[in-house]
Amino acid sequence: MIHPTPRLRFAPSPTGSLHIGGARTAMYNWAAARALGGAFLLRIEDTDQARSTEASLQGILDGLRWLGIDWDEGPGRDGGHGPYFQMQRLDLYRAAAERLLASGHAYPCYCTTDRLEALREQQKAAKSSWIGYDGHCRTLAAEQRAEHERRGLRANLRFRMPEAQVVRVHDLIRGEVEVNTRELDDWVMLRPDGVPLYNFACVVDDIGMRITHVVRGEEHFLNGIKQRLLFEALGAECPVYAHIPLILNQQGAKLSKRDPGVMGVLEYRDQGYPPEAVFNYIALLGWGFSGDRDVFTREEMVAAFRIEAVGKAGAKFDPAKLHWMCGEYIRRWPPAECLDRARPWLGTVPAAAFTTHRAWLENSVACFQERIQLLAELAPKLGWLFADPAPDEAARRNLAKDPASRQWLAAWAEALAASDLPPSWPQDRAGVDERVRLPWRKDAPEPACAFATPARIEADCRAFVERLGVKFGSFVHPVRAALTGTDKGPGLFDVVFLLGKDACVRRLRAAAAGV
RNA sequence: GUCCCGGUCGUCUAGUCCGGCCCAGGACCCCAGAUUUUCAUUCUGGUAACACGGGUUCGAAUCCCGUCCGGGAUACCA
């Protein structure tokens, strides 16, 4: 037969947030669809009415969009195979159920929940090797059914599984696997109220939506067997299956939203994880780009992705590598982009600075790009730019280390007061930062600037320190402490350049005076 | 219990299909060193793995069997 256009789907139930596992499943389906030149659709499996919520739905859609996983068909994008919400497809399930009832593939079951529960208890208590529905209503005669109906009992519809039949499936991940239907029971397809259960709705929709490949978590492997039989019963061709291994927590069990350190996709967004880093990291959970590369773009992933290349073993989620990945991306951004991206987390930065001191802000951010892994880490590191900082413990130590340092600070304050340092925030820095891009690297060409550049500040400083007759290092530490209130941060001459004359002089004098 | 799947450095993995190029490569983490005014970045180096036992073979991480360990499934959830 002619190969149909590949069509893959991600089919979440809106009963919670999009977590790492779901995101990866969506991503692999998406990447496979793109790689195969097919379509990626989103179907919402909202048949669990008790747990489905609108908020969850929105969260899942937002999470997917944030990661850059877009869908060709689904909510908000009609592709002619909708509706894409299962609760809007009830008549389709009803019709399929009628057919299966007529063909004998399905039968009504009048067993009560109580009886079913008792049955399970009994099977467990007896340490039965087999647990499941006993087929009580499987062979009900027509008159018995009529009798039950007369008494007002409402039936579930069950699928009649073939007895002891070996079903052979080819799974893209697992290869050939045989399962005996003996292991499976007659499962419920449809509730009395017409709401379908997972396996049934899934198959009816996969047929209706022309799905060709199903990529999902391995917890669905046995469902795949049930579904294959249903496809056959409905006279439809079964899609190709790929059951991918689970993502594991630190203990090696299925990753749960309740595991410590594990968050929903949107929480990563809110904490300033770059989406492409999260995407990149998640892709690596069970799949490798190549033997020697871990960092790649979405496009590169699509070009390289093959479902069969996904591993068989579960992967543990490692927050440390995710953080590294985030830093890796942040460092690569141009400062302007970093500033824009970090804007939502820069609430403590005076709003005016974004318009009047844009370039200065970019320079400031640039000085920290190699020092952060999450965008949320930026704001706390920028405080000293706007207000004279109170020295932290390390800074106090550096200030107190050498009693003579107060004289140096005072002396350098006066030297700087007489120098051509750029103006301090919020004074107008008139094109200074446009001309001098930070962080300054010693091999970079010296830019033309009306004010002292980091390179000149350093040269002057070294000469000054030499005249003073002290070790450069001993001089620099208290200065940094006085200027930034801490012992870490960008190169000191970037700091002085960014801070400008007034602020530097003021802080050095204050520190010299022991304030 | 039963069925299914898995098991290469602490972690993610390459290599496994078509045995030799692997006394096992890359990345994260960790450690040491270099650069440096701190931190960070960068660079260099290091520690560290084929779960175990048999078998097949001239030769096995790669093939076969068993054991152990781990995970998943066994719903009127998805």
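Within every chain, numbering begins at 1; the chains are lettered A, B, ... in the order of the sequence lines, protein sequences first and strands thereafter. Source: prediction; values computed, not measured.
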Asks: Could you give the distance separating B:C64 and B:C22 at their P atoms, to the nearest angstrom?
Replies: 24 Å
Asks: Under 3.5 Å, is there an N or O donor on one side and an acceptor on the other linking the side chain of A:D48 and the base of B:C77?
Replies: no
Asks: Looking only at the side chain of A:L492 (C-beta and beyond, no hydrogens), which of the listed nucleotides B:C28, B:C76, B:U37 gets closest?
Replies: B:U37
Asks: Checking all strands, does A:V179 fall into the base, sugar-phosphate, or nothing category for heavy-atom contacts under 4.0 angstrom?
Replies: nothing
Asks: Taking the six-membered ring of A:F279 as reference, does the NZ or CZ atom of A:R298 fall below 6.0 Å from its centre and within a 45° cone about the axis?
Replies: yes
Asks: Does the structure show a Watson-Crick or G-U wobble partner for B:C63, both distances under 3.5 Å? Name it, or say none.
Replies: B:G55
Asks: Pick the P atom in B:U13 and in B:C18, then give their distance to the nearest Å.
Replies: 24 Å
Asks: Taking only side-chain nitrogens and oxygens of A:R216, does any of them come within less than 4.0 Å of OP1 or OP2 of B:A78?
Replies: no
Asks: Have a look at A:G489 and say if it touches a base, only the backbone sugar-phosphate, or nothing, with a 4.0 Å heavy-atom cut-off.
Replies: base
Asks: Mind checking if A:H220 touches a base, just sugar-phosphate, or nothing, with heavy atoms under 4.0 Å?
Replies: base
Asks: Classify the ring geometry between A:Y273 and A:Y268 as parallel (under 30°), tilted (30 to 60°) or perpendicular (over 60°).
Replies: perpendicular
Asks: What about A:R331, does its side chain sit under 3.5 Å from the base of B:U41 through a donor-acceptor pair?
Replies: no
Asks: With nearest nucleotides of RNA chain B determined for A:A309 and A:F493 from heavy-atom distances, which residue corresponds to the more 5′ nucleotide?
Replies: A:A309
Asks: Just call it for A:C202: base, sugar-phosphate, or nothing, with non-hydrogen atoms closer than 4.0 Å on any strand.
Replies: nothing
Asks: Is a side-chain N or O of A:N180 found less than 3.5 angstrom from the main chain of A:E183, in a donor-acceptor match?
Replies: no
Asks: Applying a 4.0 Å non-hydrogen cut-off, can you work out what A:G327 is touching in the nucleic acid: base, sugar-phosphate, or nothing?
Replies: nothing
Asks: Pairing donors with acceptors under 3.5 angstrom, does anything connect the side chains of A:D186 and A:Y107?
Replies: yes
Asks: When you check the side-chain N and O atoms of A:T15 and A:S13, is any donor under 3.5 Å from an acceptor?
Replies: yes
Asks: Looking across every strand, which nucleic acid part, if any, lies under 4.0 Å from A:N180 by heavy atom: base, sugar-phosphate, or nothing?
Replies: nothing
Asks: Choose from B:G72, B:A78, B:C4 the nucleotide whose nearest atom is closest to any side-chain atom of A:L197.
Replies: B:A78
Asks: Please report the distance, rounded to the nearest Å, between CZ in A:F200 and C1' in B:C77.
Replies: 17 Å
Asks: Checking contacts here: which listed nucleotide (B:G1, B:A78, B:G7) is nearest the side-chain heavy atoms of A:S129?
Replies: B:G1
Asks: When the C1' atoms of B:C30 and B:A48 are compared, how many Å lie between them, rounded to an integer?
Replies: 10 Å
Asks: Is any N or O donor-acceptor pair between the side chain of A:R371 and the base of B:C39 shorter than 3.5 Å?
Replies: yes
Asks: Would a distance-only check, ignoring hydrogens and angles, find a side-chain to backbone donor-acceptor pair under 3.5 Å from A:H323 to A:P319?
Replies: yes
Asks: Pick the closest RNA chain B nucleotide for A:A253 and for A:Y198 by heavy atoms, then say which residue is nearer the 5' end.
Replies: A:A253
Asks: Looking only at the side chain of A:E219 (C-beta and beyond, no hydrogens), which of the listed nucleotides B:A73, B:C77, B:U2 gets closest?
Replies: B:A73
Asks: Considering only side-chain heavy atoms of A:R158, which listed nucleotide, B:C76, B:C5, B:U37, is closest?
Replies: B:C76
Asks: Between B:G26 and B:C17, how far apart are the two C1' atoms, rounded to whole Å?
Replies: 22 Å
Asks: Nearest-Å distance, CD (A:Q86) to C1' (B:C77)?
Replies: 12 Å
Asks: Counting the atoms with a prime plus P, OP1 and OP2 as sugar-phosphate, which does A:T486 contact under 4.0 Å by heavy atoms, base, sugar-phosphate, or nothing?
Replies: nothing
Asks: To the nearest angstrom, how far is A:E328 atom CD from B:C29 atom P?
Replies: 10 Å
Asks: Please report, rounded to the nearest Å, how far the P atom of B:G6 is from the CD1 atom of A:I247.
Replies: 19 Å
Asks: Mind checking the P distance from B:C63 to B:C3? Whole angstroms is fine.
Replies: 24 Å
Asks: With a non-hydrogen cut-off below 4.0 angstrom, is A:S474 in contact with a base, only sugar-phosphate, or nothing?
Replies: nothing
Asks: Using a heavy-atom cut-off of under 4.0 Å over every strand shown, decide if A:L322 touches base, sugar-phosphate, or nothing.
Replies: nothing
Asks: Any strand counts, and the cut-off is 3.5 Å on both contacts for Watson-Crick or G-U wobble. Which nucleotide pairs with B:C39?
Replies: none
Asks: Any donor and acceptor pair, going by atom type alone, linking the side chain of A:R306 with main-chain N or O of A:E308 inside 3.5 Å?
Replies: no
Asks: Nearest whole Å is fine: how far is B:C12 P from A:L248 CG?
Replies: 8 Å
Asks: Using whole Å, what does the distance between atom P of nucleotide B:U41 and atom NZ of A:K442 come to?
Replies: 16 Å
Asks: Base, sugar-phosphate, or nothing for A:P245, non-hydrogen atoms under 4.0 angstrom?
Replies: nothing
Asks: Donor-acceptor pair, distance only, cut-off 3.5 Å: does the side chain of A:D487 make one with the backbone of A:A395?
Replies: no
Asks: Nearest to the A:E183 side chain among B:C29, B:U2, B:C76, which nucleotide is it?
Replies: B:U2
Asks: Any base atoms under 4.0 Å from A:K254, or only sugar-phosphate, or nothing? Heavy atoms, all strands.
Replies: sugar-phosphate
Asks: Is any side-chain nitrogen or oxygen of A:T47 closer than 4.0 Å to OP1 or OP2 of B:A78?
Replies: yes
Asks: Students often get this wrong, so: under 4.0 angstrom with heavy atoms, is A:L284 touching a base, only sugar-phosphate, or nothing?
Replies: sugar-phosphate
Asks: Taking atom C1' in both B:C31 and B:U47, compute the distance separating them and give it to the nearest angstrom.
Replies: 7 Å
Asks: If you draw the axis of the six-membered ring of A:F10, does the NZ or CZ of A:R43 fall within 45° of it and under 6.0 Å from the ring centre?
Replies: no
Asks: Answer with base, sugar-phosphate or nothing: what part of the nucleic acid does A:T113 contact at a heavy-atom distance below 4.0 Å?
Replies: base
Asks: Roughly, in whole Å, what's the span from CG in A:D318 to C1' in B:G26?
Replies: 16 Å
Asks: Both distances below 3.5 Å, Watson-Crick or wobble geometry, any strand: find the nucleotide opposite B:A32.
Replies: B:U44
Asks: Using the C1' atom on both, measure B:C58 against B:G10 and round to a whole Å.
Replies: 37 Å
Asks: Quick one: look up who B:G7 pairs with, Watson-Crick or G-U, both distances under 3.5 Å, and put none if it's unpaired.
Replies: B:C68
Asks: Check the distance between B:A27's C1' and A:I282's CD1 and give it to me in whole angstrom.
Replies: 18 Å
Asks: Ignoring the backbone of A:V177, work out which of B:A78, B:C76, B:C4 is nearest its side chain.
Replies: B:C4
Asks: By the 4.0 Å heavy-atom rule, please label A:R174 as base, sugar-phosphate, or nothing.
Replies: sugar-phosphate
Asks: A quick test of your reading: do over 12 heavy atoms of other residues, nucleotides or ligands sit less than 6.0 Å from CZ of A:R331?
Replies: yes
Asks: Does the structure show a Watson-Crick or G-U wobble partner for B:C77, both distances under 3.5 Å? Name it, or say none.
Replies: none
Asks: With P as the reference atom in both, quote the distance from B:A24 to B:A60 in angstrom, rounded to an integer.
Replies: 15 Å
